[in-house]
Amino acid sequence: MKLYDLISQYKACGLSEREIILIASHLTGKSKEYLIAHPETECPDEVLGLLDLRLEGYPLQYILGSVEFYGRTFKVEEGVLIPRWETEGLVEIAVDIIKRKQIKLVADIGVGSGVIAVTLALETGVTVLGTDVERKPLEVTLKNAKTYGVEDKIELRLGKFLEPFKERYAEIQLIVSNPPYVKCGTPLQKELLYEPECALFGGVDGLDFYREFFRRYDVTGKIVLMEIGEDQGEELKRMTGGTVLKDLAGKDRYLLVERLS
Ligand SMILES: C[S@@+](CC[C@H](N)C(=O)[O-])C[C@H]1O[C@@H](n2cnc3c(N)ncnc32)[C@H](O)[C@@H]1O
């Protein structure tokens with residue numbers, strides 16, 4: 001089927017021209033710039049299946065198998081969270097802290113696709129200890145680390161919080177995390193239904209992860225930087241004594257806890 005026919009048919013059903021072209025580019029191996037200039041390009045039949053999947057709400061990033069983050073392309077697969085732009089802000093703050101405080105060892109709890117761990121290793125040369133409660137995120141993080149040649153800078157272990165790195169806890173200077181913080185029962189847009197539940201939901205008030213983390217760990221002498229929900233700042237300041245920083249949209253988004261020893 002010709003690309004221009006696909007565009008008119010699927011735009012009428014609600015897909016954007018951009019996503020139709022990206023899916024066609026993914027299947028044909030031709031760049032999107034080429035396809036824009038050559039809408040008469042013949043697309044293989046499989047494109048119809050992928051466009052129908054997208055119409056049902058299946059995330060574009062899982063179809064393409066990749067996502068842009070902090071100026072780089074990262075692999076994503078079903079079973080790992082699709083990184084969000086807000087998390088680039090967390091990385092930006094972490095890079096600044098690492099450089100200013102000359103930090104050498106960072107821990108990333110809940111690596112997902114590895115965007116935080118890999119970007120921090122690339123941007124600062126720091127070593128990152130990464131954990132996740134699921135095996136798939138650890139596998140995807142390793143693939144992304146290998147793509148960018150930082151697999152020797154990132155150590156990955158399966159388990160909750162920092163339990164897998166208990167023996168190295170004292171050495172960790174900065175702990176970062178983008179934990180699950182969505183309140184259970186929140187109505188979700190259909191794309192989110194395809195993402196792993198354990199990456200999204202943080203209990204009735206969305207705060208289970210933070211509550212358990214700060215109960216388990218004495219963070220004296222360390223810096224903790226975590227992404228938070230936009231309405232969780234006040235409660236988390238009360239819970240931790242930390243400060244809350246805003247994202248680019250002006251919403252409370254990052255919790256910074258620095259307990260001096
Ligand atoms: C919101 S996703 C973040 C993924 C990635 N860091 C990012 O920013 O795109 C949260 C990740 O934390 C993992 N996770 C949830 N609870 C955890 C826990 N207690 N300890 C370690 N990992 C956890 C989930 O499996 C998921 O991969």
Side-chain angles (χ1 to χ4, degrees), residues 59 61-62 65-95 106-123 128-145 148 150 154-166 168-169 172 174-184 186 188 191-203 205-217 219 224-230 232 247 253-255:
Q61 296 87 341
Y62 286 159
S66 66
V67 66
E68 295 298 307
F69 185 88
Y70 216 82
R72 298 184 181 90
T73 305
F74 286 85
K75 285 186 182 64
V76 284
E77 296 173 18
E78 231 179 280
V80 301
L81 185 96
I82 297 166
R84 308 297 204 267
W85 66 266
E86 292 91 333
T87 308
E88 295 184 322
L90 178 119
V91 167
E92 189 75 27
I93 298 166
V95 166
V106 175
D108 176 13
I109 308 177
V111 285
S113 59
V115 286
I116 300 176
V118 171
T119 307
L120 291 182
L122 283 166
E123 293 290 323
V128 185
L129 308 178
T131 66
D132 207 290
V133 284
E134 297 290 332
R135 211 169 276 285
K136 187 65 175 274
L138 299 177
E139 289 166 12
V140 176
T141 295
L142 184 59
K143 283 186 201 167
N144 280 318
Y148 287 106
V150 287
I154 298 176
E155 199 177 322
L156 297 166
R157 293 188 190 166
L158 181 70
K160 269 187 144 193
F161 297 99
L162 293 171
E163 295 309 288
F165 289 107
K166 258 186 186 148
R168 301 198 62 186
Y169 184 73
I172 298 169
L174 169 67
I175 299 168
V176 295
S177 183
N178 172 22
Y181 57 71
V182 178
K183 295 183 184 80
C184 288
T186 306
L188 298 178
E191 274 82 356
L192 272 70
L193 302 174
Y194 295 94
E195 296 192 78
E197 278 192 20
C198 72
L200 294 172
F201 294 108
D205 59 1
L207 299 175
D208 283 1
F209 180 97
Y210 310 94
R211 221 176 268 115
E212 193 172 347
F213 173 82
F214 286 101
R215 189 177 50 74
R216 273 176 190 245
Y217 298 99
V219 295
V224 179
L225 175 66
M226 290 181 178
E227 192 167 313
I228 64 172
E230 61 186 69
Q232 296 169 338
D247 64 21
R253 187 64 64 197
Y254 315 106
L255 173 72

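These numbers come from the heavy atoms of this one structure, side chains and all, not from hydrogens, waters or symmetry mates. Remember, it's 1-based here, ligands and their atoms both numbered in the order they're listed.
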Atoms of ligand 1 less than 4.0 Å from [X] heavy atoms?
| X | result |
| --- | --- |
| Ile116 | 6 (N), 8 (O) |
| Gly159 | 20 (N), 21 (C) |
| Lys160 | 20 (N) |
| Ile109 | 20 (N), 21 (C) |
| Thr87 | 8 (O) |

Using a distance-only test with no angle check, is there a side-chain donor-acceptor pair under 3.5 angstrom linking Glu86 and Tyr254?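 No donor-acceptor contact under 3.5 Å links the two side chains.
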Centroid-centroid under 6.0 Å between Tyr217 and Phe213 rings: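 Yes; Phe213 has its ring centre under 6.0 Å from that of Tyr217.
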Does any N or O of ligand 1 fall below 3.5 Å from an N or O anywhere on Asp132, backbone included?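 Min N/O separation from ligand 1 is below 3.5 Å for Asp132.
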Phe161 N/O under 3.5 Å from ligand 1 N/O: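 Checking ligand 1 against Phe161, an N or O pair does fall under 3.5 Å apart.
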Contact partition for Val111 relative to ligand 1, non-hydrogen atoms under 4.0 Å: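 Backbone only.
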So for Gly114, does at least one of its heavy atoms come nearer than 4.0 angstrom to any atom of ligand 1?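 The answer is no, since Gly114 has no heavy atom less than 4.0 Å from ligand 1.
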side-chain contact (heavy atoms from CB on, under 4.5 Å) partner of Phe74, the single match among Asn144, Val140, Ile82, Val80: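 So the option named by the test is Asn144.
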